[in-house]
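These notes concern the structure reproduced below.
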Amino acid sequence: MISKDFALIKEKRRELVPSFNERQLIKNIHAETNKQNVDNISRTKAYLAFYKRHPEIEWALLASMVSRNAGWNMTDLQTHPFQRILSDQLQTILFHTYERPNWLIFADAYPQLLLYEHSKKSQVPMFHLLKWVHASVFMEREWNQFWLSGHRRLLCIGQIINEQNVIEAPVIHHPFYHSTVFDNIWFYLQDMMRMNAVIFPTMTGDLYGFSVFHFSHLSKRIDLGKQLTWLLFASPECKQIKRFALSVEPTGARYDYEQFFDHGPLHDHLPLRNVYSPIHHKRLQPLDWFTGHIKSNWYQPPRIPKYILSSWYNRKKQRIDHWSAHIPFGLS
């Protein structure tokens, strides 16, 4: 059934010739996407603003929160401990390792969101135009199914599957990132010690989230996305987390949530735009990642491990301070 669905969509895509109005709409969508895809802060805010307009699209809020985490990881690289541990070259490479997928996912996903917004406004599904914003045939089926069923969680899972496949070839398996990052001792140390996590803060100072483990494995990243969706929309703490997400202005600095700690901020972060200028990205003509089959377990409910991270976060800070004091300067 799945194969027949996609075969039909592919056949229709080959025959499609957009009208003048449709071409103008596509042009406007590309322009708006480029306008919002300037840096991590603009992306985070664009996702959040879209969710506020269309709360049925849960992925938009999830994307905003994950984008916040990317910004915090970027500004980490400009703090004293990381500058002490990492060479200038590795700091730059790691910054691009956060920035590049952040940009790629937005370039792929935001036109889809705008096309949905236009469809909702006109009350006519326009998902046949997804080809012209370079979206996968996989997502055309997902959007059409959502339009008919209104099953928001199923759409969110589809969007998670899509975004992780979008970055699989150009980032995870790209020779440059593979050799300089994912095959680097720094990456192995972080992975082994579970030093990285996606954090969902609250305005009470409590932290929730999940460790990023085996990040280079596609299915592991999809599992993480489903876990984070559960945390944001179904966990006992989801209302507290959403209150933070909808209320606290994103700056890229961990001060965004450390300001709510009883003992005050732990880090010396500056806002992201104080330390990084916008990066000009080039996107080659994207190829459709979908080959005709998906793994059934990608749609299965996630396993939920321990997700209270407040104590873990303090231990992580102590470990990083210890590393910066004892590891030779400029790990490359």
Side-chain angles (χ1 to χ4, degrees), residues 2-18 22-23 25-34 36-37 43 47 59 63 66-67 70 96-116 126-146 155-183 215-222 224-225 279-299:
I2 290 178
S3 297
K4 290 182 180 179
D5 289 346
F6 290 121
L8 182 60
I9 292 171
K10 287 183 177 180
E11 183 179 347
K12 288 183 176 179
R13 281 189 168 200
R14 284 193 293 269
E15 299 171 353
L16 175 66
V17 178
E22 288 174 335
R23 290 197 300 272
L25 172 62
I26 293 164
K27 181 180 178 181
N28 293 341
I29 285 175
H30 283 304
E32 182 63 18
T33 299
N34 292 335
Q36 301 298 337
N37 203 3
R43 295 170 208 130
Y47 286 136
W59 184 85
V66 173
S67 184
H96 284 282
T97 305
Y98 293 119
E99 167 68 12
R100 182 63 174 169
N102 199 235
W103 184 90
L104 281 169
I105 289 172
F106 191 91
D108 179 84
Y110 199 66
Q112 297 180 41
L113 299 180
L114 294 180
L115 199 53
Y116 167 75
M126 304 292 289
F127 306 122
H128 61 285
L129 298 179
L130 284 169
K131 170 187 175 181
W132 300 95
V133 296
H134 310 301
S136 171
V137 64
F138 171 81
M139 283 310 301
E140 186 167 339
R141 190 196 70 156
E142 297 297 293
W143 279 111
N144 279 319
Q145 287 188 339
F146 172 72
L155 174 66
C156 187
I157 293 173
Q159 290 171 296
I160 292 167
I161 292 169
N162 177 69
E163 69 172 278
Q164 293 308 322
N165 276 281
V166 162
I167 66 171
E168 182 75 354
V171 177
I172 306 301
H173 291 300
H174 190 284
F176 173 77
Y177 291 107
H178 181 77
S179 62
T180 59
V181 178
F182 302 118
D183 201 28
F215 180 79
S216 58
H217 295 185
L218 174 60
S219 292
K220 294 290 186 182
R221 297 197 309 275
I222 291 171
L224 175 64
I279 303 297
H280 176 69
H281 291 265
K282 291 183 179 180
R283 188 187 188 192
L284 301 177
Q285 185 69 20
L287 299 175
D288 193 337
W289 61 264
F290 182 70
T291 59
H293 301 281
I294 53 175
K295 295 182 178 181
S296 59
N297 66 319
W298 286 353
Y299 281 98

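Because the structure is predicted, anything quoted here is derived from the model rather than measured. We use all heavy atoms of the structure for the numbers below, so side chains are in, but hydrogens, waters and symmetry mates are not.
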> Where is the tightest heavy-atom contact between Val133 and Pro111, given as atom of each residue plus distance?
Replying inline: CB-CB, 3.7 Å
Is [X] reaching over with its side chain to a backbone N or O of [Y], donor-acceptor style, under 3.5 angstrom?
X      : Y      : value
Asn165 : Ile161 : yes
Asp108 : Leu104 : no
Gln36  : Glu32  : no
Asn102 : Ser67  : no

Please tell me if the side chains of [X] and [Y] come closer than 4.5 Å, counting only heavy atoms from C-beta onward.
X      : Y      : value
Lys295 : Ile222 : no
His134 : Val166 : no
Tyr110 : Asn37  : no
Leu218 : Ile172 : no
Arg100 : Ile279 : no
Ile294 : Tyr299 : yes

> Residues in side chain to side chain donor-acceptor pair (under 3.5 Å) with Ser136, at least two apart?
Replying inline: Asp288
> Sequence neighbours excluded, which residues qualify as side chain to side chain donor-acceptor pair (under 3.5 Å) partners of Arg23?
Replying inline: none
> Regarding Trp59 and Glu163, is there a side-chain donor-to-acceptor distance under 3.5 Å anywhere?
Replying inline: yes
> Do Glu168 and Trp289 have side-chain atoms, one donor and one acceptor, less than 3.5 Å apart?
Replying inline: no
> Which of these passes ring pair (Phe, Tyr, Trp, His ring centres under 6.0 Å) with Trp103: His280, His281, His96?
Replying inline: His281
Quick one: [atom1] on [X] to [atom2] on [Y], what's the gap to the nearest 0.5 Å?
X      : Y      : atom1 : atom2 : answer
His217 : Leu224 : NE2   : CG    : 14.0 Å
Leu115 : Phe127 : CG    : CZ    : 6.5 Å
Leu16  : Trp132 : CG    : CH2   : 6.0 Å
Asn162 : Ile157 : CG    : CD1   : 13.5 Å
Phe6   : His293 : CZ    : NE2   : 10.5 Å
Leu129 : Ile29  : CG    : CD1   : 7.5 Å

>> Would Leu130 and Glu142 count as a side-chain contact (heavy atoms from CB on, under 4.5 Å) here? Give the steps.
In response: CA-CA 11 Å; Leu130 284 169; Glu142 297 297 293; over 6 Å; no
>> Could you check whether Arg13 pairs with Glu140 (Lys NZ or Arg NE/NH1/NH2 to Asp/Glu carboxylate O, under 4.0 Å)?
In response: yes
